[in-house]
2 protein chains.
Amino acid sequence: MRAHSLATTPNLKCEDCPIRHRAVCAKCESDELRELDGLKYYRTVPAGQTVVWSGDEMDFVASIVSGIATLTQTMEDGRTQMVGLLLPSDFVGRPGRAQAAYDVTATTEVTLCCFRKRPFEDMMRRTPNIGQRLLEMTLDELDAAREWMLLLGRKTAREKIATLLTIIVRRDASLQLMGRDGPLEFDLPLTREAMADYLGLTLETVSRQVSALRRDGVIVLKGKRHITIPDFDRLLEETGDDADGGMLT
Amino acid sequence: MRAHSLATTPNLKCEDCPIRHRAVCAKCESDELRELDGLKYYRTVPAGQTVVWSGDEMDFVASIVSGIATLTQTMEDGRTQMVGLLLPSDFVGRPGRAQAAYDVTATTEVTLCCFRKRPFEDMMRRTPNIGQRLLEMTLDELDAAREWMLLLGRKTAREKIATLLTIIVRRDASLQLMGRDGPLEFDLPLTREAMADYLGLTLETVSRQVSALRRDGVIVLKGKRHITIPDFDRLLEETGDDADGGMLT
DNA sequence: CGGTAATTTGAAAGTCATCAAAATGAGTGG
DNA sequence: CCACTCATTTTGATGACTTTCAAATTACCG
């Protein structure tokens, strides 16, 4: 069964890699890139499949090339909390640690650019550009985690949903360029249950609050997953964050 | 008023520093330490005072030498969430960022070992040992943040209190050595309100749950702040985490 | 020994969870 | 192409847990 999950994929050359300028390799020079090219191997995981189980021996680290994965923690009685949402260019695994601390699950089909841990750690020691970039990325993740803590600890269910939607919109925006003002549209990459695990809610509450935002005209649904946002500032007001909506200071 | 908060203190020599082996300088060689010695200046902040306000220009980074500080986020309507608890050896500020992202407040009197940001960043570029140590520390903080997210999103009020108590006990243990089995004792370094901000609760709920744990014999109070834990495994069971209590596998 | 901040306690209300069932939708095979 | 099945989502009714508002109590400081 190991063989199944280790499906490999032909490697892309680093120069053509879509995450070349955002991933852990972003600061690497061309000679460093060549070395990475020799270490790496691609691996594709189908939607829904677990990449690593918490506690498992983990002999590789990886960058997400495409697709979406989640980090989750589970309590003994089954309560689960998502603690990371991994997008293209995000890093999986921790140099210097043998066992995975969280479950990593592919939400969509995911392609990983993997490095065996030992060789990667060795190279990191010799290559400041990698460690420096990983530090930047980790600091960004820590900031994101702290925003998330505010959401989990202090926001209402409605604010949580609105905030999650703005996060998804911003993510889409950072990947694609898009018209600033027109109505925004996107597909939810998460099930209601995954949204609930992200937000510290039940899936029923998620469903109810999504419906409420729809009733109030903050969002428009086409099907269950496709969302249109007629007025982004209106959505922002619902998040509880800086009501920076009035821009006429 | 700036002068007030900039009270300086005579520097300790790095060799004699109590956080020498845990702080951002932990991996530095003696020559590197000498250079840091030239950059650093001590600063002491009285209990209750804010060190930096979120959004402020921040021209230094620092290590906590002694005392306890908190990182908090505040929403417009006043809801606040603690997002970091800073103990001796913890790092304050982010290299490469001009403005503080959070409020930093001294819970007890705090002594900081400060470095002006620009010189520190310059040295970091030249000194891999600093960046490497900062990466380790940031990864640890990220793990802690993720545990915290599970607490905020999924634990009950009672479990939250029990978990916070174990965190404080473990912290004390990591600083001092202590008898493994006897009843543990310590002073709460946080007010009920600070505990509430940590846990995403109201201070009333904190008070009630502390009283409930006392009634149930999980903890013993002497005064409001001094706590004795007669049976640590019993407390662990209350956290909702791995009921690893039964150690007779 | 007051005075103020911190903490506890009480009563009522609200938000979200839980349990249950219906509705919707996607994929499969006839 | 449609019926069927299973997973996902919605909706409803009820209740638990936590918050809110208020007041009493305790502790700390000068």
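Every chain is numbered from 1 and lettered A, B, ... according to where its sequence line falls, protein lines coming before strand lines. When reading the values below, keep in mind they use all heavy atoms of this one structure, side chains included, and skip hydrogens, waters and symmetry mates.
Inter-residue side-chain proximity for A/Thr166 and A/Leu236 is flagged as met; some heavy-atom pair is nearer than 4.5 Å. Put simply, the side chain of A/Arg146 reaches to within 4.5 Å of the side chain of A/Leu142, judged on heavy atoms. Between A/Leu150 and B/Met75 there is a side-chain heavy-atom pair separated by less than 4.5 Å. Between B/Ile227 and B/Glu185 the shortest side-chain heavy-atom distance does not fall below 4.5 Å. With a 4.5 Å cut-off on side-chain heavy atoms, A/Gln81 and A/Thr72 do not count as touching. Annotation: side chain of B/Tyr42 is not in contact with side chain of B/Leu112 (no heavy-atom distance under 4.5 Å). Looking only at side-chain heavy atoms (C-beta outward), B/Thr108 and B/Val110 come within less than 4.5 Å of each other.
Protein atom CG of A/Leu221 is 10 Å distant from nucleotide atom P of D/dT11, rounded to whole Å. Whole-Å rounding puts the A/Leu203 CG to C/dC19 P distance at 13 Å. Atom CE in A/Met195 sits roughly 13 Å away from atom C1' in D/dT8 (whole-Å rounding). Separating the NE2 atom of A/His226 from the C1' atom of C/dG25 is a distance of 17 Å, rounded to the nearest angstrom. As a whole-Å value, the separation of B/Asp197 CG from D/dT19 P is 12 Å. Atom CZ of A/Arg79 and atom C1' of D/dC17 are 13 Å apart (whole Å). Between the CG atom of A/Leu190 and the P atom of D/dT9 there is a distance of 10 Å, given to the nearest Å. The CZ-C1' distance, from B/Arg215 to C/dT8, rounds to 11 Å in whole Å.
The heavy-atom pair separating B/Lys160 from B/Lys155 by the smallest distance is CE-O, 3.5 Å.
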Show me the side-chain donor-acceptor pairs of residues 191-204 of chain A shorter than 3.5 Å, one per line, residues at least two apart or across chains.
residue: A/Thr191; atom: OG1; partner: A/Glu193; partner atom: N; Å: 3.4
residue: A/Thr191; atom: OG1; partner: A/Ala194; partner atom: N; Å: 3.0
residue: A/Arg192; atom: NH2; partner: A/Lys224; partner atom: O; Å: 3.0
residue: A/Asp197; atom: OD1; partner: A/Thr80; partner atom: OG1; Å: 3.1
residue: A/Asp197; atom: OD1; partner: B/Arg154; partner atom: NH2; Å: 3.2
residue: A/Asp197; atom: OD2; partner: A/Thr80; partner atom: OG1; Å: 3.1
residue: A/Thr202; atom: OG1; partner: A/Thr205; partner atom: N; Å: 3.3
residue: A/Thr202; atom: OG1; partner: A/Thr205; partner atom: OG1; Å: 3.0

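Heavy atoms of A/Thr191 sit under 4.0 angstrom from primed sugar atoms or phosphate atoms, though from no base atom.
Contact between the side-chain N/O atoms of A/Ser211 and the OP1/OP2 oxygens of D/dT11 is found at a separation under 4.0 Å. Checking the phosphate oxygens (OP1, OP2) of C/dA6, no side-chain nitrogen or oxygen of B/Arg225 falls inside 4.0 Å.
Direction of the helix axis in the helix from C/dC1-D/dG30 to C/dG30-D/dC1 shifts by 40° between the two five-pair termini, rounded to 10°.
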Might you list the N or O atoms of the protein lying below 3.5 Å from N or O atoms in nucleotides 13-18 of chain C, with each pair's distance?
residue: C/dC16; atom: OP1; partner: A/Ala157; partner atom: N; Å: 2.8
residue: C/dA17; atom: OP2; partner: A/Thr202; partner atom: N; Å: 3.4
residue: C/dA17; atom: OP2; partner: A/Thr202; partner atom: OG1; Å: 3.2
residue: C/dA17; atom: OP2; partner: A/Thr205; partner atom: OG1; Å: 2.5
residue: C/dT18; atom: O4; partner: A/Arg208; partner atom: NH2; Å: 2.9

When you compare the protein's N or O atoms with those of nucleotides 25-27 of chain D, which come within less than 3.5 Å of each other, and at what distance?
none

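B/Arg234 meets the side-chain contact (heavy atoms from CB on, under 4.5 Å) test with B/Arg158, B/Val218, B/Asp231, B/Glu237, B/Glu238; sequence neighbours excluded. Residues passing the side-chain contact (heavy atoms from CB on, under 4.5 Å) test with B/Asp140, sequence neighbours excluded: A/Arg94.
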